Amino acid sequence: MQHYRKAIEQRPDYIQAHIELGVRLLAGGNYAEALTHLEQANALSPPRAEIYLNLGDAYRANKQWQKAIDFLGRALQLDSELEEAHYNLGLLYMSVGTELPNMNELQVLEKAVKEFGSYRSMKGGQLRRDDPSTAYLEDLNRQIERAKRRIEREARNKAQPAAEPAKEGSDAQ
(Lines give C-alpha, C1' and ligand atoms only; values in the text may rest on other atoms or scores of the structure.)
Protein backbone atom coordinates (compact mmCIF):
# COMPACT_ATOMS: atom_id res chain seq x y z
CA MET A 1 0.00 0.00 0.00
CA GLN A 2 2.93 2.29 0.62
CA HIS A 3 3.92 1.98 -3.04
CA TYR A 4 0.45 3.02 -4.19
CA ARG A 5 0.39 5.95 -1.80
CA LYS A 6 3.82 7.06 -3.02
CA ALA A 7 2.73 6.69 -6.67
CA ILE A 8 -0.36 8.83 -6.01
CA GLU A 9 1.76 11.39 -4.18
CA GLN A 10 4.05 11.67 -7.20
CA ARG A 11 1.23 11.43 -9.77
CA PRO A 12 -2.20 12.31 -8.35
CA ASP A 13 -3.77 11.40 -11.71
CA TYR A 14 -2.48 7.80 -11.62
CA ILE A 15 -5.83 6.02 -12.01
CA GLN A 16 -4.64 2.45 -11.47
CA ALA A 17 -2.84 3.38 -8.25
CA HIS A 18 -6.09 4.91 -6.91
CA ILE A 19 -7.99 1.74 -7.89
CA GLU A 20 -5.47 -0.66 -6.34
CA LEU A 21 -5.17 1.36 -3.15
CA GLY A 22 -8.96 1.69 -2.93
CA VAL A 23 -9.45 -2.07 -3.34
CA ARG A 24 -6.86 -2.85 -0.68
CA LEU A 25 -8.31 -0.31 1.74
CA LEU A 26 -11.77 -1.77 1.13
CA ALA A 27 -10.51 -5.28 1.88
CA GLY A 28 -8.85 -3.97 5.02
CA GLY A 29 -12.06 -2.38 6.29
CA ASN A 30 -11.03 1.26 5.75
CA TYR A 31 -14.22 2.00 3.83
CA ALA A 32 -14.18 5.80 3.94
CA GLU A 33 -10.64 6.14 2.57
CA ALA A 34 -11.29 3.40 0.01
CA LEU A 35 -14.29 5.35 -1.22
CA THR A 36 -12.19 8.50 -1.57
CA HIS A 37 -9.62 6.77 -3.79
CA LEU A 38 -12.20 4.96 -5.89
CA GLU A 39 -14.17 8.17 -6.42
CA GLN A 40 -10.93 9.84 -7.50
CA ALA A 41 -10.23 7.00 -9.97
CA ASN A 42 -13.75 7.35 -11.32
CA ALA A 43 -13.36 11.11 -11.76
CA LEU A 44 -10.10 10.65 -13.68
CA SER A 45 -11.17 7.73 -15.87
CA PRO A 46 -13.57 7.12 -18.70
CA PRO A 47 -16.35 4.69 -17.71
CA ARG A 48 -14.82 1.36 -16.59
CA ALA A 49 -16.68 -1.63 -15.21
CA GLU A 50 -13.81 -2.38 -12.81
CA ILE A 51 -14.09 1.06 -11.21
CA TYR A 52 -17.90 0.93 -11.04
CA LEU A 53 -17.78 -2.52 -9.44
CA ASN A 54 -15.33 -1.45 -6.74
CA LEU A 55 -17.01 1.90 -6.23
CA GLY A 56 -20.36 0.15 -5.82
CA ASP A 57 -18.81 -2.16 -3.24
CA ALA A 58 -17.31 0.82 -1.39
CA TYR A 59 -20.68 2.59 -1.32
CA ARG A 60 -22.26 -0.66 -0.04
CA ALA A 61 -19.65 -0.88 2.72
CA ASN A 62 -20.38 2.75 3.63
CA LYS A 63 -24.14 1.97 3.68
CA GLN A 64 -24.87 4.37 0.86
CA TRP A 65 -27.33 1.89 -0.58
CA GLN A 66 -28.75 3.75 -3.57
CA LYS A 67 -25.33 4.87 -4.84
CA ALA A 68 -24.10 1.28 -4.47
CA ILE A 69 -27.05 -0.01 -6.50
CA ASP A 70 -26.47 2.63 -9.17
CA PHE A 71 -22.77 1.91 -9.58
CA LEU A 72 -23.15 -1.87 -9.54
CA GLY A 73 -25.86 -1.45 -12.18
CA ARG A 74 -23.51 0.68 -14.28
CA ALA A 75 -20.83 -2.00 -13.96
CA LEU A 76 -23.29 -4.58 -15.29
CA GLN A 77 -24.26 -2.27 -18.15
CA LEU A 78 -20.62 -2.15 -19.21
CA ASP A 79 -19.96 -5.84 -18.58
CA SER A 80 -23.04 -8.03 -18.32
CA GLU A 81 -20.86 -11.05 -17.41
CA LEU A 82 -19.59 -9.45 -14.21
CA GLU A 83 -20.68 -12.05 -11.67
CA GLU A 84 -19.08 -10.10 -8.80
CA ALA A 85 -21.61 -7.29 -9.35
CA HIS A 86 -24.46 -9.74 -8.78
CA TYR A 87 -22.71 -11.10 -5.69
CA ASN A 88 -22.22 -7.58 -4.31
CA LEU A 89 -25.86 -6.72 -5.04
CA GLY A 90 -26.87 -9.87 -3.18
CA LEU A 91 -24.80 -8.77 -0.18
CA LEU A 92 -26.31 -5.31 -0.38
CA TYR A 93 -29.92 -6.50 -0.44
CA MET A 94 -29.15 -8.99 2.31
CA SER A 95 -27.82 -6.15 4.51
CA VAL A 96 -30.17 -3.27 3.72
CA GLY A 97 -33.17 -4.38 5.76
CA THR A 98 -35.98 -1.87 5.28
CA GLU A 99 -33.78 1.14 4.50
CA LEU A 100 -34.61 1.27 0.77
CA PRO A 101 -37.59 3.41 -0.13
CA ASN A 102 -40.43 1.68 -1.98
CA MET A 103 -39.29 -1.80 -0.95
CA ASN A 104 -40.49 -3.83 2.00
CA GLU A 105 -38.45 -6.44 3.83
CA LEU A 106 -39.80 -9.34 1.79
CA GLN A 107 -39.06 -7.62 -1.54
CA VAL A 108 -35.51 -6.85 -0.43
CA LEU A 109 -34.87 -10.43 0.67
CA GLU A 110 -36.28 -11.81 -2.60
CA LYS A 111 -34.07 -9.39 -4.54
CA ALA A 112 -31.03 -10.71 -2.63
CA VAL A 113 -32.00 -14.29 -3.55
CA LYS A 114 -32.36 -13.25 -7.21
CA GLU A 115 -28.92 -11.60 -7.28
CA PHE A 116 -27.19 -14.55 -5.61
CA GLY A 117 -29.02 -16.82 -8.06
CA SER A 118 -27.66 -14.78 -10.99
CA TYR A 119 -24.18 -14.94 -9.50
CA ARG A 120 -24.36 -18.72 -9.02
CA SER A 121 -25.78 -19.24 -12.50
CA MET A 122 -22.96 -17.21 -14.05
CA LYS A 123 -20.31 -19.07 -12.04
CA GLY A 124 -21.75 -22.42 -13.15
CA GLY A 125 -19.17 -25.19 -12.87
CA GLN A 126 -16.62 -22.79 -11.37
CA LEU A 127 -18.72 -22.46 -8.21
CA ARG A 128 -16.82 -23.93 -5.26
CA ARG A 129 -18.61 -26.23 -2.86
CA ASP A 130 -17.83 -23.88 0.01
CA ASP A 131 -18.93 -20.72 -1.83
CA PRO A 132 -20.45 -18.33 0.77
CA SER A 133 -23.49 -17.73 -1.44
CA THR A 134 -24.76 -21.21 -0.52
CA ALA A 135 -25.03 -20.31 3.16
CA TYR A 136 -26.38 -16.86 2.33
CA LEU A 137 -29.16 -18.36 0.23
CA GLU A 138 -30.10 -20.83 2.96
CA ASP A 139 -30.27 -18.00 5.48
CA LEU A 140 -32.22 -15.76 3.09
CA ASN A 141 -34.77 -18.49 2.43
CA ARG A 142 -35.30 -18.90 6.20
CA GLN A 143 -35.70 -15.13 6.56
CA ILE A 144 -38.21 -15.06 3.70
CA GLU A 145 -40.29 -17.80 5.32
CA ARG A 146 -40.25 -15.95 8.66
CA ALA A 147 -41.22 -12.68 6.96
CA LYS A 148 -44.10 -14.37 5.13
CA ARG A 149 -45.39 -15.92 8.36
CA ARG A 150 -45.13 -12.58 10.15
CA ILE A 151 -47.00 -10.79 7.34
CA GLU A 152 -49.75 -13.43 7.43
CA ARG A 153 -49.97 -13.15 11.23
CA GLU A 154 -50.17 -9.34 11.05
CA ALA A 155 -52.89 -9.57 8.40
CA ARG A 156 -54.89 -11.97 10.59
CA ASN A 157 -54.46 -9.73 13.63
CA LYS A 158 -55.64 -6.71 11.63
CA ALA A 159 -58.69 -8.57 10.34
CA GLN A 160 -59.56 -10.08 13.72
CA PRO A 161 -60.38 -6.85 15.65
CA ALA A 162 -62.59 -5.66 12.78
CA ALA A 163 -64.57 -8.92 12.90
CA GLU A 164 -65.06 -8.89 16.70
CA PRO A 165 -67.24 -5.72 16.93
CA ALA A 166 -69.50 -7.08 14.21
CA LYS A 167 -69.91 -10.30 16.22
CA GLU A 168 -70.72 -8.37 19.40
CA GLY A 169 -73.37 -6.37 17.51
CA SER A 170 -75.03 -9.58 16.31
CA ASP A 171 -75.06 -10.99 19.87
CA ALA A 172 -77.05 -7.99 21.11
CA GLN A 173 -79.90 -8.75 18.74
Side-chain angles (χ1 to χ4, degrees), residues 1-105 107-140 143:
M1 288 193 354
Q2 291 174 340
H3 296 292
Y4 294 121
R5 289 186 193 283
K6 187 167 182 102
I8 291 168
E9 187 180 299
Q10 292 174 354
R11 271 195 45 216
D13 63 341
Y14 190 1
I15 296 167
Q16 200 59 39
H18 281 289
I19 294 170
E20 296 298 330
L21 183 56
V23 167
R24 280 164 179 70
L25 289 165
L26 193 58
N30 190 340
Y31 304 137
E33 189 178 355
L35 185 57
T36 300
H37 285 285
L38 292 166
E39 284 175 331
Q40 186 66 32
N42 187 46
L44 293 168
S45 175
R48 287 175 53 186
E50 171 193 22
I51 294 173
Y52 290 164
L53 173 69
N54 290 306
L55 196 49
D57 200 28
Y59 281 123
R60 179 188 62 79
N62 281 284
K63 297 184 180 185
Q64 295 182 37
W65 309 122
Q66 195 55 55
K67 284 184 178 182
I69 292 167
D70 293 345
F71 276 96
L72 292 168
R74 289 180 196 176
L76 285 167
Q77 285 175 342
L78 292 178
D79 183 355
S80 63
E81 299 299 313
L82 201 57
E83 66 229 12
E84 295 93 347
H86 289 289
Y87 185 85
N88 290 346
L89 282 165
L91 290 175
L92 181 148
Y93 288 118
M94 193 171 75
S95 305
V96 75
T98 57
E99 294 181 41
L100 283 178
N102 304 321
M103 288 184 83
N104 64 36
E105 178 189 11
Q107 291 169 322
V108 169
L109 292 171
E110 288 172 341
K111 195 95 164 135
V113 168
K114 178 181 176 270
E115 293 299 339
F116 281 125
S118 295
Y119 161 77
R120 292 174 65 82
S121 168
M122 293 173 92
K123 286 293 264 187
Q126 299 173 342
L127 193 66
R128 295 184 342 253
R129 237 192 266 187
D130 63 344
D131 189 275
S133 66
T134 303
Y136 293 153
L137 283 168
E138 290 171 2
D139 186 48
L140 285 164
Q143 288 181 52

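Because the structure is predicted, anything quoted here is derived from the model rather than measured.
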What's the spacing between [X] [atom1] and [Y] [atom2] if we round to 0.5 Å?
X	Y	atom1	atom2	answer
R74	L72	CZ	CG	10.5 Å
R24	Y4	CZ	OH	4.0 Å
N88	E115	CG	CD	10.0 Å
R48	I19	CZ	CD1	4.0 Å
K123	R128	NZ	CZ	7.5 Å
K63	L92	NZ	CG	11.5 Å

Indicate whether any N or O donor in one side chain lies under 3.5 Å from an N or O acceptor in the other, for E50 and N54. no

Between Y59 and D70, a side-chain donor and acceptor under 3.5 Å: no

Go through it in stages, so that I can follow the logic: the residues are R5 and E9, the test is salt bridge (Lys or Arg N to Asp or Glu O under 4.0 Å), and I'd like the CA-CA distance, side-chain angles, deciding distance and then a yes or no. CA-CA 6 Å; R5 289 186 193 283; E9 187 180 299; over 6 Å; no

Minimum heavy-atom distance [X]-[Y], with the two atoms named:
X	Y	result
R120	D131	NH1-OD1, 4.5 Å
Y119	S133	CE2-OG, 3.7 Å
M94	F116	SD-CE1, 4.1 Å
I51	L38	CG2-O, 4.1 Å
L26	A34	N-CB, 3.5 Å
N102	Q107	O-OE1, 3.8 Å

Got a donor-acceptor contact below 3.5 angstrom from the H86 side chain to the K114 backbone? no

With a 3.5 Å distance limit and no angle check, can you tell me whether N62 reaches the backbone of A58 through a side-chain donor-acceptor pair? yes

Under a 4.5 Å cut-off applied to non-hydrogen side-chain atoms, are [X] and [Y] in contact?
X	Y	result
L76	L89	yes
L100	I69	yes
Y136	L91	yes
Q64	L35	yes

For Q143 and D139, what are the C-alpha separation, side-chain angles and deciding distance, and is it a side-chain hydrogen bond (donor to acceptor under 3.5 Å, both in side chains)? CA-CA 6 Å; Q143 288 181 52; D139 186 48; 2.8 Å; yes

